[in-house]
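In what follows, every heavy atom counts, from backbone to side chain, and hydrogens, waters and symmetry copies are set aside. The structure displayed is predicted, hence computed values, not measured ones.
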2 protein chains.
Amino acid sequence: MTAARRTPPTAPASRAGELTGQAEDYLKAIYEMGQGGEPAATNAIAALLGIAPASVSGMLQRLSRLGLVQVERYRGARLTHTGRGVALQLIRRHRIIESYLVTRLGFDWAMVDEEAERLEHAASTELVERMAAALGHPTEDPHGAPIPTSDGLVDERRLQSIADLAVGQTARVVRMSDRDSEFLRYLAAMGVRPGATVKVAARAPFDGPVTLTVRGKAHQVGVAAAGRVYVEARAGK
Amino acid sequence: MTAARRTPPTAPASRAGELTGQAEDYLKAIYEMGQGGEPAATNAIAALLGIAPASVSGMLQRLSRLGLVQVERYRGARLTHTGRGVALQLIRRHRIIESYLVTRLGFDWAMVDEEAERLEHAASTELVERMAAALGHPTEDPHGAPIPTSDGLVDERRLQSIADLAVGQTARVVRMSDRDSEFLRYLAAMGVRPGATVKVAARAPFDGPVTLTVRGKAHQVGVAAAGRVYVEARAGK
DNA sequence: ACCACAACTTAGTAGCTACTAACTTCTATG
DNA sequence: CATAGAAGTTAGTAGCTACTAAGTTGTGGT
């Protein structure tokens with residue numbers, strides 16, 4: 001069941017005197033999961049990164065040794081202040097690179113995450129800042145996600161997802177998860193993208209699919225998908 | 001004397017099912033040295049990559065196992081046909097990336113090699129081809145080096161270097177080694193760049209410095225530097 | 001022709017990352 | 001509140017890359 005060896009092998013850290021890309025990925029994963037006060041669980045990190053839980057235990061010890069995470073044995077890990085800073089810089093890199101690839105090199109919205117995932121570990125800060133400057137210092141990436149500043153400030157506002165909306169509510173799409181190109185293509189096909197307006201027309205019981213009206217057309221969307229599209233509810237109705 | 005650990009550690013190969021960045025660097029190094037019929041010597045590879053000769057022996061065995069190089073024990077390594085193809089694609093990536101960074105993101109001519117060195121292992125073929133397209137499929141990088149085609153064709157013409165010119169000869173600068181930003185800055189300061197015209201005004205005996213006239217100004221240049229600037233001699237004097 | 005020295009290889013070590021298998025801890029359920 | 005099963009950890013293995021130290025090979029100079 002486990003896929004074939006996923007890590008072809010080994011290669012040095014990309015930027016002077018720094019973390020390996022692997023370690024960076026863990027920090028990002030922990031950041032992305034650790035938004036609620038709870039520490040990130042070992043199994044959850046493993047699932048997100050597609051590796052075995054045992055590997056996560058090992059890496060957490062290393063990251064802990066480096067002062068980047070604080071591990072609570074048998075409970076999970078939390079980023080330290082330093083670790084959080086590293087994660088935010090990485091996310092900044094990722095989102096700027098995504099933005100650049102989409103707007104300057106015509107990359108497909110749905111596929112750009114994968115490319116950015118690799119480049120974020122190889123690009124120098126100078127390159128990233130030049131890209132940011134070329135784009136006029138954007139504050140959001142193409143999926144609507146806020147770009148942390150180089151001082152590590154981000155909009156961490158918790159948004160509602162479509163799954164949280166009541167029937168009849170209208171909302172503006174703010175952002176969506178970028179981690180799955182299939183998913184993004186699916187959304188794009190419906191016209192669901194940042195800035196679009198959606199209305200919850202109906203909702204089947206027992207966490208059933210949501211019926212959405214987008215640009216006058218009705219679509220049935222599963223809860224899983226609905227939960228990954230974040231919106232701001234409109235005041236009226 | 002040996003510098004501190006140069007390889008912080010380890011990270012996976014960047015593009016699907018492929019070589020690690022390390023292995024790729026060896027292939028490039030061997031290609032760059034193996035231009036003359038002789039196999040690339042272990043010590044020479046080690047020196048070029050800045051690693052210990054023993055490490056090279058090990059890697060050559062691995063590359064040999066992968067069918068990318070052919071090793072003659074105690075003599076050196078030569079690329080196989082496959083290995084040469086990989087090296088050329090890498091060089092293509094490198095030079096396209098350099099070109100893109102310089103012309104589209106305002107990178108300094110002298111510093112771009114380092115950035116490209118990292119990105120060439122992380123960028124997908126799609127990204128590289130999009131960059132190439134954005135630049136109108138350039139055939140040379142900013143240092144005048146020819147860019148291999150995606151079919152692996154390159155101009156491998158051997159050029160004379162300034163060190164090969166006779167006193168009084170005039171030549172057009174075609175390209176120069178890109179591996180040393182100090183060196184490139186030095187050249188830039190003299191006005192020596194691809195397309196510039198230089199004249200050998202004098203040459204000190206015993207491999208002494210060459211006196212060069214560039215844009216009407218005289219400069220003294222050591223043989224080492226002169227040997228790394230490639231030119232096409234002008235017909236008449 | 002020999003030998004000293006340079007060039008190269010082998011052996012052993014280490015760090016990073018990931019794996020599987022086996023064991024420990026935690027917790028929710030009966 | 002005892003315990004089964006989930007969650008997590010440890011132990012042992014493996015691949016990659018690099019290192020040092022020590023041994024081997026090859027060759028140029030006398």
B:N43 vs C:dA6: side-chain N/O to OP1/OP2 distance below 4.0 Å: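 Answer is no, no contact under 4.0 Å.
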B:S55 side chain near D:dA18 phosphate (N/O to OP1/OP2, under 4.0 Å):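 So the side chain of B:S55 is outside the cut-off, no N or O lying under 4.0 Å from OP1 or OP2 of D:dA18.
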Closest nucleotide among [options] to the [X] side chain:
X     : options                : answer
A:Q22 : D:dA18, C:dT27, C:dT17 : C:dT17
B:R73 : C:dA18, C:dT9, D:dC19  : C:dT9
A:A52 : D:dC19, C:dT20, C:dT9  : C:dT20
B:T20 : D:dT17, C:dC8, D:dA18  : D:dT17

Would you mind classifying the nucleic acid contact of [X] as base, sugar-phosphate or nothing, using non-hydrogen atoms under 4.0 angstrom?
X     : result
A:R62 : base
B:Q61 : sugar-phosphate
A:T42 : sugar-phosphate
A:A54 : base

Nucleotide [N], atom [atom2] - distance to [atom1] of [X] in whole Å:
X     : N      : atom1 : atom2 : value
A:Y74 : C:dT25 : OH    : C1'   : 5 Å
A:M33 : D:dA7  : CE    : P     : 14 Å
A:E38 : C:dC26 : CD    : C1'   : 14 Å
B:L48 : D:dA18 : CG    : P     : 13 Å
A:I45 : D:dT9  : CD1   : C1'   : 14 Å
B:R65 : D:dA14 : CZ    : P     : 14 Å
B:Y26 : D:dT17 : OH    : P     : 8 Å
B:L49 : D:dA18 : CG    : P     : 8 Å

[atom1] of [X]: more than 12 outside heavy atoms within 6.0 angstrom?
X      : atom1 : value
A:E140 : CD    : yes
A:E182 : CD    : no
A:E114 : CD    : no

Side chain to side chain donor-acceptor pair (under 3.5 Å) between A:T125 and A:R93, intermediate numbers included: CA-CA 8 Å; A:T125 298; A:R93 291 163 166 282; 3.1 Å; yes
Side chains of A:H94 and A:D113 in contact at under 4.5 Å (non-hydrogen atoms): yes
Earlier contact from the 5' end, DNA chain D, for B:R75 and B:M59: B:M59
Residue closer to the 5' end of DNA chain C, B:P53 versus A:P53 (nearest nucleotide):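 Result of the comparison: B:P53.
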